[in-house]
Trainee: 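Below is a structure I'd like to ask you about.
Because the structure is predicted, anything quoted here is derived from the model rather than measured.
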Amino acid sequence: MRLEKCWFCSSTVYPGHGIQFVRNDAKIFRFCRSKCHKNFKMKRNPRKVKWTKAYRRLHGKDMTQDSTFEFERKRNRPERYDRNLAENTLKAIKKIDKVRSDRAANHIEKRLKVRKGKERREAQKELEQSIHLVKAPQVLRQDQSLTLPKIKVEVSQPKSEQNQAMEE
């Protein structure tokens with residue numbers, strides 16, 4: 001079972017799924033869904049369409065360089081079947097998948113740190129510009145004129161005699 005990559009969005013195309021387009025020069029383009037095929041026919045650049053892997057990699061949203069990506073490469077050299085080799089390969093795949101997920105999590109964490117720092121700087125700048133609008137809690141405790149007065153409202157119970165007279 002061969003899993004192909006979509007030419008446009010780089011997602012996996014499973015057997016029996018997607019569309020295959022063969023150009024006049026015998027170049028084969030595989031697409032995972034009609035959305036990718038239509039975008040290709042409209043001559044859109046995958047690096048400029050925000051939902052594609054190419055865009056995400058180009059703009060630093062996804063990891064681009066990692067040694068674990070080397071294992072995904074397509075190899076056309078046939079290998080003689082060896083049970084031990086297949087067993088070791090399956091074990092290695094699990095380890096590689098864990099390493100890749102850890103590295104992806106670290107990458108996301110780094111991106112979020114940058115955003116948090118940027119938000120903090122913007123908030124600090126806004127606070128410096130409008131500090132005159134902010135009063136410290138201790139100032140409010142000392143000067144009661146800055147707080148809204150508390151209003152007590154009395155709620156009276158209606159008399160039962162009047163209610164009976166109205167009902168009749």
Side-chain angles (χ1 to χ4, degrees), residues 1-140:
M1 183 170 90
R2 175 171 280 184
L3 301 178
E4 303 289 345
K5 290 282 182 194
C6 175
W7 185 88
F8 197 80
C9 71
S10 304
S11 64
T12 52
V13 181
Y14 291 93
H17 292 262
I19 302 165
Q20 191 169 340
F21 171 70
V22 182
R23 206 165 51 188
N24 286 340
D25 62 351
K27 172 114 173 75
I28 299 171
F29 299 94
R30 289 182 179 85
F31 304 104
C32 59
R33 53 186 180 256
S34 62
K35 179 182 181 180
C36 296
H37 187 222
K38 287 174 186 175
N39 277 295
F40 174 79
K41 286 195 291 187
M42 286 191 279
K43 297 185 178 180
R44 287 202 177 137
N45 188 347
R47 287 171 284 178
K48 293 183 180 177
V49 180
K50 289 192 175 190
W51 51 269
T52 61
K53 280 280 192 190
Y55 177 90
R56 292 186 62 78
R57 285 188 178 137
L58 186 68
H59 290 85
K61 312 266 186 224
D62 280 347
M63 290 192 312
T64 53
Q65 297 175 344
D66 193 18
S67 57
T68 58
F69 293 139
E70 290 295 316
F71 296 108
E72 276 189 22
R73 275 191 314 168
K74 194 163 123 183
R75 292 170 184 81
N76 290 326
R77 200 176 78 221
E79 292 276 339
R80 174 171 245 153
Y81 177 75
D82 182 15
R83 186 176 184 156
N84 292 331
L85 179 66
E87 189 177 314
N88 291 338
T89 304
L90 291 174
K91 287 179 184 175
I93 287 172
K94 290 177 184 173
K95 288 180 185 176
I96 291 165
D97 192 38
K98 185 177 182 330
V99 167
R100 181 181 292 154
S101 64
D102 290 345
R103 289 181 181 173
N106 288 341
H107 177 76
I108 291 168
E109 213 172 287
K110 283 181 187 176
R111 284 186 56 228
L112 290 177
K113 273 186 182 177
V114 171
R115 192 180 85 204
K116 283 181 183 176
K118 190 176 181 182
E119 286 176 355
R120 183 175 285 130
R121 283 191 298 272
E122 287 175 1
Q124 203 169 18
K125 186 177 178 183
E126 184 179 347
L127 185 63
E128 287 172 0
Q129 288 175 349
S130 57
I131 192 71
H132 64 281
L133 299 174
V134 180
K135 295 285 185 187
Q138 292 188 4
V139 173
L140 294 174

Trainee: Looking only at heavy atoms, what is the nearest atom pair of His107 and Lys61, with distance?
Mentor: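 Of all heavy-atom pairs spanning His107 and Lys61, the closest is NE2-O, 3.5 Å.
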
Trainee: Does NZ belonging to Lys118 count more than 12 external heavy atoms closer than 6.0 Å?
Mentor: no

Trainee: Contact between Glu4 and Thr12 at the side-chain level, heavy atoms closer than 4.5 Å - yes or no?
Mentor: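 Of all side-chain heavy-atom pairs linking Thr12 with Glu4, none is under 4.5 Å.
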
Trainee: Using a 4.5 Å cut-off on heavy atoms from C-beta on, say whether the side chain of Val114 contacts that of Lys110.
Mentor: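 A side-chain contact is absent here, since even the closest heavy-atom pair is not under 4.5 Å.
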
Trainee: Show, in sequence, the C-alpha distance, side-chain angles and deciding distance for Asp25 and Arg23, and conclude whether the salt bridge (Lys or Arg N to Asp or Glu O under 4.0 Å) test is met.
Mentor: CA-CA 5 Å; Asp25 62 351; Arg23 206 165 51 188; 3.1 Å; yes

Trainee: Show me, pair by pair, the donor-acceptor contacts under 3.5 angstrom made by side chains of residues 81-96, not counting sequence neighbours?
Mentor:
{"from": "Asn88", "atom 1": "ND2", "to": "Asn84", "atom 2": "O", "distance (Å)": "3.3"}
{"from": "Thr89", "atom 1": "OG1", "to": "Leu85", "atom 2": "O", "distance (Å)": "2.6"}

Trainee: Are side-chain heavy atoms of Ile19 and Cys32 found at a separation under 4.5 Å?
Mentor: no

Trainee: At their closest point, which heavy atom of Phe8 faces which heavy atom of Cys36, and how far apart are they?
Mentor: CB-CB, 3.8 Å

Trainee: Once the angle between the rings of Trp7 and Phe40 is folded into 0 to 90°, is it parallel (under 30°), tilted (30 to 60°) or perpendicular (over 60°)?
Mentor: perpendicular

Trainee: Would you indicate whether the side-chain heavy atoms of Phe21 and Lys41 approach each other to under 4.5 Å?
Mentor: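 No. Closest side-chain heavy atoms not under 4.5 Å.
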
Trainee: For residues Asn39 and Met42, determine if any side-chain heavy atom of one lies less than 4.5 Å from a side-chain heavy atom of the other.
Mentor: yes

Trainee: Can you name the ring-ring contact (aromatic ring centres under 6.0 Å, His included) partners of Tyr55, sequence neighbours left out?
Mentor: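 Per chain and number, Tyr55 pairs via ring-ring contact (aromatic ring centres under 6.0 Å, His included) with His59.
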
Trainee: Does some side-chain heavy atom of Lys38 sit less than 4.5 Å from a side-chain heavy atom of Arg44?
Mentor: no

Trainee: When you measure from the side chain of Ser10 to the backbone of Lys53, do you find a donor-acceptor pair of N or O atoms at a distance under 3.5 Å?
Mentor: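 No; zero donor-acceptor contacts below 3.5 Å.
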
Trainee: For the residue pair Tyr14 and His17, does the interplanar ring angle fall in the parallel (under 30°), tilted (30 to 60°) or perpendicular (over 60°) class?
Mentor: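 Tyr14 and His17: perpendicular rings.
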
